[in-house]
Every structure is written in structure tokens, then in C-alpha cells.
Amino acid sequence: MKIALASPPIPSSLKEGLASLEKYTREAAEHGARILCFPESFLPGYPGMGYLAHDQHPDRLQEARDLACRIAKENNINLIVPMDWHEDGKFLNLAFVISSTGEILGAQTKNQLDPSEDNIWSPGTNRHVFEVEGLRFGIVICHEGFRYPELVRWAARQGAQLVFHPHFAGSDTEGREIKTWGDPASPYYEKAMMMRALENTIYFASANFASRFTESASSIIAPDGRCIVHGEYGKAGITMAEIDLSLATGLLAKRWKGV
């Protein structure tokens, strides 16, 4: 199966984000990808990045999700679309899984918030695994994949062959320009991606925005911890790879004996 990760610019509005969603979905589908994952809180855009409060209204977000479903169907590709979402009086950070026929297969909430996010979102409470076209996968969102490895292991122990990891790490205004993947002087994020794959014997696919001072590249990691492919730092685009699902045995995750 060919999988893809989108590395869009940080959207300044919901309209801009939807335009990027349509562009990268079409591009991934044209190159034969069967599933495409966008970065964390992609619609309407990561909080504090300049989009209007109007874009966060429940009606606008519902319209955006409906459009994402139509785009998935029109391009015959499965999508993972991270969004802000209002539900049961809570404001959630989640990722919708949309089938190639435009059907919503479910959503994974961000359950383990970073301390800096406690006043932005409410934590979710449930975890899920999904399946499309023979690929069984889980989703962990940003902080969950970097600092809470047990969440990736949970998915692997439920039979996930791959865990998608929409996240946001970087800035358009300040920071260091990274040149080399896995640079010892870089933040630990890319090293953590390697470990999430290696320690579970599954694929790990991490999608980040293309900010000027990005702190990690969108990356697809093999079950042996090897980086198969990664996006260019600071450059918007699509990162894709053919993956061999027979290699995602989950061997190390299955050997965990508990505490």
C-alpha cells in the first residue's frame, strides 16, 4: 500500500486550510496513495496561529468536515483530517478518519494533552483502531506519540500495523533551521518517531506542518526503526512511500508482559 503525509503551510484561515486539503488530496491520489494524513489541528488551524474566531464556530467546522468528505470521495482516497471539534459541551482536538467513498469511519480524540493545552481543549477519553483496504492503524496526536509511548503500544497490541501521528512542532517566526534528519543537535522528536516504530515492530507515520523553523520533518518510519522517507524542512508538499504490511508484525509489542 502507498501511504502519504501532507506537509502544508500553517493555514491562516479555514478557507486557506480547505484549499490546501483539496490540493494535497488531489496530488496524493494522482500519485497512487490510498490514505493521506494531515497535521494536528489542521482545520481551522493550530490555535494561536492567526485564524479568525469565526472559523472555530461549530457550523463552520461541520461545513468543513462535510467538504473534506466530498473531497475524499471525489478523489477516491482515504483521509485522516485533524480538526478542532465541538461535542457534548466540550472543545476537542481530534482526527476524523474518512473513507474513499466519503464516509466518516470514526474519530480519534487527543486524550493526553500537553500542560500548555489544558486551557485550549478538553481531553478525550477513548482510543480506537481503524481499518481501510486491509490496513489496520491507530492514531496518536502530537504529545501522545512523543511522550506517551504506551499509547502507540496500545494500538500495536490491538493489531495496528501502522500508527499515524499528526503533530505540530515548529514556528514561522523563530527557531533553528534543521538541515539533517535525526541531527543530534535537533529536538528529540525524530528520534522518538524511530523508537515508536522500532519498539513495537510497526510502521509510524508522522505528519507536521511546513513551517520555516520546523522542529521535525513529516516522516515514514519502518518497523525496524529506519526512516524510509521524510519531507523537506520548511517546504510544503507530500511525503509518500510504499509500505510492506507483512513487515509490520507487532512482534515486540506482542511480547510485552505487563507490569
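One is the number of the first residue; the rest follow in order along the sequence.
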Colleague: Show the numbers, then the answer: is there a side-chain contact (heavy atoms from CB on, under 4.5 Å) between Arg70 and Leu67?
Modeller: CA-CA 5 Å; Arg70 291 199 295 274; Leu67 179 55; 3.5 Å; yes

Colleague: For the residue pair Ser218 and Thr239, confirm or rule out a side-chain donor-acceptor distance under 3.5 Å.
Modeller: no

Colleague: What closest approach, in Å, do Ala156 and Ala253 show between heavy atoms, and which atom pair accounts for it?
Modeller: CB-CB, 3.6 Å

Colleague: Regarding Glu133 and Asn78, is there a side-chain donor-to-acceptor distance under 3.5 Å anywhere?
Modeller: yes

Colleague: Side chains of Lys179 and Tyr233, heavy atoms from C-beta outward: is any pair under 4.5 Å?
Modeller: no

Colleague: Counting C-beta onward and ignoring hydrogens, is there a side-chain heavy-atom pair between His143 and Tyr148 closer than 4.5 Å?
Modeller: yes

Colleague: Are there over 12 heavy-atom neighbours, none belonging to Asp118, within less than 6.0 Å of that residue's CG?
Modeller: yes

Colleague: Measure from the side-chain N and O atoms of Thr249 to the backbone N and O of Leu251, and report whether any donor-acceptor pair falls under 3.5 Å.
Modeller: yes

Colleague: Side-chain heavy atoms nearer than 4.5 Å, only ILVMFWY residues, links allowed to pass through others: does that put Phe42 and Met240 together?
Modeller: yes

Colleague: Before accepting this row, confirm whether a basic side-chain N of the pair Glu215/Arg176 lies closer than 4.0 Å to the acidic partner's carboxylate O.
Modeller: no

Colleague: Verify side-chain contact (heavy atoms from CB on, under 4.5 Å) between Gln108 and Leu94, making sure each step is shown before the conclusion.
Modeller: CA-CA 5 Å; Gln108 177 60 64; Leu94 53 70; over 6 Å; no

Colleague: Side chains of Ile220 and His230: does their closest heavy-atom pair fall under 4.5 Å?
Modeller: no

Colleague: With a 3.5 Å distance limit and no angle check, can you tell me whether Asp88 reaches the backbone of Lys90 through a side-chain donor-acceptor pair?
Modeller: no

Colleague: Side-chain heavy atoms under 4.5 angstrom apart, residues restricted to Ile, Leu, Val, Met, Phe, Trp, Tyr: same cluster for Ile3 and Met193?
Modeller: no

Colleague: Grab the two heavy atoms, one from Ala72 and one from Ser99, that are nearest each other, plus how far apart they are.
Modeller: CB-O, 3.6 Å

Colleague: Looking at side-chain heavy atoms only, is the closest gap between Gln112 and Pro123 below 4.5 Å?
Modeller: no

Colleague: Looking only at non-hydrogen atoms, find the nearest pair between Thr101 and Lys73 and report the distance.
Modeller: O-CD, 3.5 Å

Colleague: Strictly below 4.0 Å, N to O, side chains only: are Arg127 and Glu144 in salt-bridge contact?
Modeller: yes

Colleague: Can you confirm whether more than 12 heavy atoms, excluding those of Glu74, are under 6.0 Å from its CD atom?
Modeller: yes

Colleague: Mind checking what makes side chain to side chain donor-acceptor pair (under 3.5 Å) contact with Glu174, not counting sequence neighbours?
Modeller: none

Colleague: Within the structure provided, determine whether Asp55 and Ser13 are in side-chain contact (heavy-atom separation under 4.5 Å).
Modeller: yes

Colleague: Just checking Tyr189 against Trp181, ring centres under 6.0 Å apart?
Modeller: no

Colleague: With a 4.5 Å cut-off on side-chain heavy atoms, are Glu103 and Leu105 touching?
Modeller: yes

Colleague: Apply side chain to side chain donor-acceptor pair (under 3.5 Å) to Ser206 and list each qualifying residue two or more places apart in sequence or on a separate chain.
Modeller: His165, His167

Colleague: Identify the heavy atoms of Pro166 and Pro82 that sit nearest to each other, and give their distance.
Modeller: CB-CG, 3.7 Å

Colleague: Quick check for you: to the nearest 0.5 Å, what is the distance between Asn200 atom CG and Arg255 atom CZ?
Modeller: 13.5 Å

Colleague: Among the clusters formed by ILVMFWY side chains lying less than 4.5 Å apart, do Ile221 and Val229 turn up in the same one?
Modeller: no

Colleague: Is Ile243 reachable from Leu252 through a run of hydrophobic residues whose side-chain heavy atoms are each under 4.5 Å from the next?
Modeller: no

Colleague: Please say which of Phe38, Tyr46, Phe146 ends up in a ring-ring contact (aromatic ring centres under 6.0 Å, His included) with Phe168.
Modeller: Tyr46

Colleague: Go through the steps to decide whether Leu247 and Thr201 satisfy the test side-chain contact (heavy atoms from CB on, under 4.5 Å), and finish with yes or no.
Modeller: CA-CA 8 Å; Leu247 301 178; Thr201 327; over 6 Å; no

Colleague: Find out if a path of hydrophobic residues (ILVMFWY) with successive side-chain heavy-atom gaps under 4.5 Å connects Met194 to Val140.
Modeller: yes

Colleague: Main chain of Ala29, side chain of Arg34: is a donor-acceptor contact present, judged purely on distance under 3.5 Å?
Modeller: no

Colleague: For Thr214 and Asn208, what are the C-alpha separation, side-chain angles and deciding distance, and is it a side chain to side chain donor-acceptor pair (under 3.5 Å)?
Modeller: CA-CA 8 Å; Thr214 187; Asn208 191 16; 3.0 Å; yes

Colleague: With Arg226, which residues qualify under salt bridge (Lys or Arg N to Asp or Glu O under 4.0 Å), at least two apart?
Modeller: Asp224

Colleague: When you compare the side chain of Trp121 with that of Thr109, does any pair of heavy atoms fall below 4.5 Å?
Modeller: no

Colleague: So for atom NZ, which belongs to Lys191, do other residues, nucleotides or ligands contribute more than 12 heavy atoms lying within a distance under 6.0 Å?
Modeller: yes

Colleague: Establish, from distance only, whether the side-chain atoms of Asp172 and Ser211 form a donor-acceptor pair under 3.5 Å.
Modeller: no

Colleague: CG/Leu18 to NZ/Lys23 distance, rounded to the nearest 0.5 angstrom?
Modeller: 15.0 Å

Colleague: Before accepting this row, confirm whether a basic side-chain N of the pair Arg60/Glu63 lies closer than 4.0 Å to the acidic partner's carboxylate O.
Modeller: yes

Colleague: Which value, rounded to the nearest 0.5 Å, describes the distance between Ile77 atom CD1 and Glu30 atom CD?
Modeller: 10.0 Å

Colleague: Does Arg65 qualify as a cation-pi partner of Phe96, given the criterion of NZ or CZ under 6.0 Å from the six-membered ring centre and within 45 degrees of its axis?
Modeller: yes

Colleague: Knowing that exactly one of Phe137, Phe204, Tyr203 qualifies, which makes a ring-ring contact (aromatic ring centres under 6.0 Å, His included) with Phe164?
Modeller: Phe137

Colleague: Is a salt bridge present between Glu40 and Lys110, judged by a nitrogen-to-oxygen distance below 4.0 Å?
Modeller: yes

Colleague: For side-chain contact (heavy atoms from CB on, under 4.5 Å), just list the numbers for Ile139 and Val97, CA-CA rounded to whole Å, side-chain angles, deciding distance to a tenth of an Å, and then say yes or no.
Modeller: CA-CA 10 Å; Ile139 300 170; Val97 178; 3.6 Å; yes

Colleague: Please round to the nearest 0.5 Å and tell me the distance separating atom CG of Leu92 and atom CH2 of Trp85.
Modeller: 10.5 Å

Colleague: What I want to find out is whether Arg147 reaches Asp114 closely enough, with some N-O distance under 4.0 Å, to be called a salt bridge.
Modeller: yes

Colleague: Identify the two heavy atoms, one from Ala210 and one from Ser7, that lie closest to each other, and give their separation to 0.1 Å.
Modeller: CB-O, 3.5 Å

Colleague: Short question: side chain of Asn111, backbone of Thr125 - any donor-acceptor pair under 3.5 Å?
Modeller: yes

Colleague: Any donor and acceptor pair, going by atom type alone, linking the side chain of Thr25 with main-chain N or O of Leu21 inside 3.5 Å?
Modeller: yes

Colleague: So, Lys2 side chain and Ile35 main chain: donor-acceptor pair closer than 3.5 Å or not?
Modeller: no

Colleague: Just how far is it from atom CG of Leu61 to atom CG of Leu43, taken to the nearest 0.5 Å?
Modeller: 8.0 Å

Colleague: Output the distance between atom CG (Leu198) and atom CD1 (Ile202), rounded to the nearest 0.5 Å.
Modeller: 11.0 Å

Colleague: What are the two closest heavy atoms between Pro187 and Ile178, and how far apart are they?
Modeller: CD-CD1, 4.3 Å

Colleague: Looking at Ala217, is its backbone amide N or carbonyl O close enough to the side chain of Ser219 to form a donor-acceptor pair, meaning the two atoms are under 3.5 Å apart?
Modeller: yes

Colleague: Counting N and O atoms only, with roles assigned by atom type, does the side chain of His31 sit under 3.5 Å from a partner on the main chain of Glu27, one being a donor and the other an acceptor?
Modeller: yes

